[in-house]
Amino acid sequence: MERYDKAALNAAPALDLRNEGSLTSTLRTLLFFTALMITLPIGLYFSSKAYIFEGTLGMSNKDSYFYAAIVAVVTVHVVLALFVYVAWNEGTRQWREGKQD
């Protein structure tokens, strides 16, 4: 009876270690794109408003708000598309590795 319990306890961490690498990779990817989704659109909104639209192109304050918002929305869509692409490829890679086992 004791041998069976020890064998079961020794087998369980081996399965968890294999899934732990996948979970860590997934969480790392998710955190990276979360940070990108927060910082990139906000940063591009204010920088494009101040430097590109008001500074370089000489637009009024109201016009620069509008065009800077367009830049931020496009940035959000690009980040979302990149996340879907990376998640799709990561899932395909994990599926292939699991299929070979």
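Computed from heavy atoms alone, side chains included, the values below leave out hydrogens, waters and symmetry copies. For clarity, every value in this text was computed on a predicted model and none was experimentally measured.
- There is no side-chain donor-acceptor pair under 3.5 Å between D63 and Y67.
- No single ILVMFWY cluster, assembled from side-chain heavy atoms under 4.5 Å apart, contains both V74 and I42.
- Taken to the nearest 0.5 Å, the CG atom of L40 stands 9.0 Å off from the OG atom of S47.
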Inset, instruction - Please lay out, stage by stage, how Y65 and Y45 fare under the test side chain to side chain contact (heavy atoms under 4.5 Å, CB included). - result: CA-CA 8 Å; Y65 280 128; Y45 172 79; 3.0 Å; yes
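- Taking CE of M37 as the reference point, atom CZ of F32 lies at 11.5 Å (rounded to 0.5 Å).
- Following chains of ILVMFWY side-chain contacts shorter than 4.5 Å, one can reach I70 starting from L57, so the two form part of one hydrophobic cluster.
- The heavy-atom pair separating S64 from E54 by the smallest distance is OG-OE2, 2.8 Å.
- Just one residue in the list V76, I52, L44 forms a side-chain contact (heavy atoms from CB on, under 4.5 Å) with V71, and that residue is L44.
- Hydrophobic cluster membership differs between V73 and F66, with clusters built from Ile, Leu, Val, Met, Phe, Trp and Tyr side chains linked at under 4.5 angstrom.
- Residue V86 is grouped with residue V78 when hydrophobic side chains (ILVMFWY) are merged at heavy-atom distances under 4.5 angstrom, including chains of intermediate members.
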Inset, instruction - Check step by step if side chain to side chain contact (heavy atoms under 4.5 Å, CB included) holds for F33 and L36. - result: CA-CA 5 Å; F33 279 101; L36 207 63; 4.1 Å; yes
Inset, instruction - Apply side chain to side chain contact (heavy atoms under 4.5 Å, CB included) to V84 and L80, showing your working. - result: CA-CA 6 Å; V84 168; L80 282 174; 5.6 Å; no
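- Taking CE of M59 as the reference point, atom NZ of K49 lies at 11.5 Å (rounded to 0.5 Å).
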